[in-house]
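Each remark here refers to the structure printed beneath this line.
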2 protein chains.
Amino acid sequence: MNIYDIAEKCGVSIATVSRVLNNNPNVSAATRARVLAVMEEENYTPSALARGLGTGSMRMVGVLCTTLCNPYYADALAYVEAHLRRRGLHLLLRCTGTDPQENSQALQYMLQNHVEAILLIGAIPPAPEEEPALAAAARQVPVILLDGDLDLPGVYCVCGDHKGAIMELVGQLVRRQRRRILLLHDAMTYSCRQKIDGYTDAYATYGLAVDPQLIVAVDSDLDAVNTCIKRLLVNRVTFDAVIGAEDMLALGAQKALQRTGLSMPIIGFNNSLPARCATPELTSVDGDLEALCDAGIRILEDLLEQRPAPAHTRIPTQLVERATFRNN
Amino acid sequence: MNIYDIAEKCGVSIATVSRVLNNNPNVSAATRARVLAVMEEENYTPSALARGLGTGSMRMVGVLCTTLCNPYYADALAYVEAHLRRRGLHLLLRCTGTDPQENSQALQYMLQNHVEAILLIGAIPPAPEEEPALAAAARQVPVILLDGDLDLPGVYCVCGDHKGAIMELVGQLVRRQRRRILLLHDAMTYSCRQKIDGYTDAYATYGLAVDPQLIVAVDSDLDAVNTCIKRLLVNRVTFDAVIGAEDMLALGAQKALQRTGLSMPIIGFNNSLPARCATPELTSVDGDLEALCDAGIRILEDLLEQRPAPAHTRIPTQLVERATFRNN
DNA sequence: CTCCTCTCTGTAAGCCCTTACAATTTCGAG
DNA sequence: CTCGAAATTGTAAGGGCTTACAGAGAGGAG
């Protein structure tokens, strides 16, 4: 059932049917009604492909997400999706994980599908291999990076100020005489890399030496963290505070330390639901996901309307102090 | 830059270029190399639209997700996405929330885009308004419903045995002399409806009357649950155990009860991360998300290959007993 | 009654590929 | 050297829609 069939059944030309389809006013009310009736009756579904080919636009946005298993990103996707939907834009989704090749492929795929723009949620740290692909994509459509930062023309970045947050945090802990702060991270996203930078910078600021044993990569999994903490303790690696680059890491540490009877300040990132569910409740740095997404969406809108947009937007973070902050 | 340009630059016909594009063996090695070189050089991106129009297939699956804010569904989406990607299928995403009209629109949209199949994650309870749309969609492409159950020809359902789980659970509690079990639910998904059914059926089985005051709809939000529990206590509604249709509901109850000093068995559903983060750790019914998704994917594969598939699949659940189960 | 304008409709040329079929070239066997 | 099969390439007809442009009909002004 295509536009020709409908046209024939109505005794009009395909142009008229097309006009009805597109709410073009140059159709008499009578004709429009007749065409609509036939469409209804025949259960006609116009092909978005053919329309896209004709107009050159699929009204679609490509979203590349690092991983949906991180609820922070899942929430970002949900937020973005809701906005796009209201805006009449559709969403082509692809998760990329940590494989840079996968990333380039995904970009390629999005371009092949005539997306209006590409949104990256939580990028891998700028892997040199994929920058060309990203730059190439940016030359064709607006590219927006949420929770990452990159210096590429045409790539618009929105990122929480994780580095500032962790510097401030380390400062507070140092002032409370914490000198050996354990930093757990999962070595995946750009923002994670930024946290490590902030940590080392802060140590430098206070004239302290960073003990590399205190910067530990571990999976965001309670058991993995537990094992990791135990190993540290067995190896006599001492620490007097813990920062988790993700709440889940901090929570894992909290559990592990509870078992050993140790108590110290524990701080996570993202202010996720589990942080509030823990007992004692976990202190966490809130990245203001909504502000982050809103900024990204705003940029998207601006670029789609050919308006200028800032290449780098920094979203302030906020420390949500809860019970685990004052631990001794 | 289209296939004609490439053909011209290579001094071959578009058919040859197309053959190269499709890895058709009927191209001499020399020609293939030349064409590939030009493509590379020109940074040529074939239009997936035009290819789709030509072949009648976009190699795309439509996924309608009730909400991504429920991490359970986000995980399901992640799992499904990974599989589809490996399989070379692309993913058109749309969240539908609770609005049935939105649901029909989304189905319509998927069909317009020539998806190979439609996957619904966590359906609204069978709203009469949307059944026709679903049935119509099912007539055109395979429709698979994850975490829901429906009796419509062409709709293949995979659902956890939530009803059985809650019946068993209520049974255990009743045997431990719990007669007033509070059931918190968020009144959204099919599986939630099923839990309510299981609850009332179990009560009937044990010859107990259900107190409607004990079946409470509340948002999956810690504060909302807290308010809700407090209101119940103020109104002297007594209960001696709590089941949350989602972990978050159970956790909210746990927090609220901890503040009042009350202690009783608390059980959630989904065995999510927050359940393990809580102290004491929350007992939860594990829906075996992986098995659920695997079954759905299996059915998808079968239907795409024209093989028969079961219309209804029931995934067994498992109670993961943790500290909150034995509370008194 | 004529002419012009405005409204409505139709024609046909894209959009960018795929693919059946025809045509050409190549090669080895006889 | 000739011929047929095999390998390679080209031609052209879709696929389902949009849209610029042309054409027809209706209605009003003069």
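Model, not experiment: these values are computed from the prediction. Convention: sequence-line order gives letters A, B, ...; per-chain numbering from 1.
Between the side chains of A/Arg139 and B/Asn43, not a single donor N or O lies within less than 3.5 Å of an accepting N or O.
Atom CZ of A/Arg34 is separated from atom P of C/dT9 by 8 Å (rounded to the nearest Å). Look at CD on A/Glu8: it is 14 Å from P on D/dG16, rounded to the nearest Å. Atom pair B/Met1:CE and C/dC17:P shows a separation of 10 Å (rounding to whole Å applied). Summarising the geometry, the separation between CD1 on B/Ile6 and P on C/dC17 is reported as 9 Å, rounded to the nearest angstrom. Rounded to whole Å, atom C1' of C/dG10 lies 9 Å from atom CD1 of A/Ile14. Computed from coordinates, the B/Asn24 CG to D/dG10 P distance equals 13 Å when rounded to whole Å. At whole-Å resolution of the value, CD1 in B/Ile3 and P in C/dT19 are 11 Å apart. When rounded to the nearest whole Å, the span between CG of A/Asn26 and P of D/dA24 equals 18 Å.
Dashed line: the shortest gap from a side-chain N or O of B/Asn2 to OP1 or OP2 of C/dC17 is not under 4.0 Å. OP1 or OP2 of D/dG16 has not a single side-chain nitrogen or oxygen of A/Ser47 nearer than 4.0 Å. Between A/Thr16 and C/dC8 there is no side-chain N or O to OP1 or OP2 distance below 4.0 Å. Distances shown here put a side-chain N or O of B/Thr31 below 4.0 Å from the OP1 or OP2 atom of D/dT9. The phosphate of D/dA7 has neither OP1 nor OP2 within less than 4.0 Å of any side-chain N or O from B/Ser28.
For A/Ser104, the side-chain contact (heavy atoms from CB on, under 4.5 Å) criterion is met by A/Glu130, A/Ala133, not counting sequence neighbours.
Checked by atom type and distance alone, the side chain of A/Asn70 pairs as donor or acceptor with a backbone atom of A/Tyr72 at under 3.5 Å. In terms of modelled atom types and a separation under 3.5 Å, the side chain of B/Arg94 and the main chain of A/His90 share no donor-acceptor contact.
Using a 4.0 Å heavy-atom distance criterion, B/Ser18 is classed as a base contact. Nucleic acid contact for B/Val12: sugar-phosphate only, since backbone atoms but no base atoms lie under 4.0 Å from a heavy atom of the residue. Heavy atoms of A/Leu49 sit nowhere under 4.0 angstrom from any nucleic acid atom.
Where B/His114 and B/Ala15 meet DNA chain D, the nucleotide closest to each residue was compared, and B/Ala15 sits on the side nearer the 5' end.
Put simply, the side chain of A/Leu111 reaches to within 4.5 Å of the side chain of A/Ile118, judged on heavy atoms. Counting only heavy atoms from C-beta outward, the side chains of B/Leu303 and B/Tyr156 approach each other to under 4.5 Å. Residues B/Ile121 and B/Leu64 form no side-chain contact, since every pair of their non-hydrogen atoms from C-beta on lies 4.5 Å or further apart.
Residue A/Glu40 qualifies as open at atom CD: its count of foreign heavy atoms under 6.0 Å is 12 or below.
Between the side chain of B/Tyr4 and the base of C/dC17 there is at least one donor-acceptor pair of N/O atoms closer than 3.5 Å.
Taking only side-chain atoms of B/Val27, from C-beta outward, the nucleotide of C/dC17, D/dT9, D/dT19 with the closest atom is D/dT9. Comparing C/dC17, C/dG10, D/dC17 by their nearest atom to the side chain of A/Arg19 picks out C/dG10.
Across residues 51-58 of chain A, A/Leu53, A/Gly54 each have a non-hydrogen atom less than 4.0 Å from an atom of DNA chain C (numbered order).
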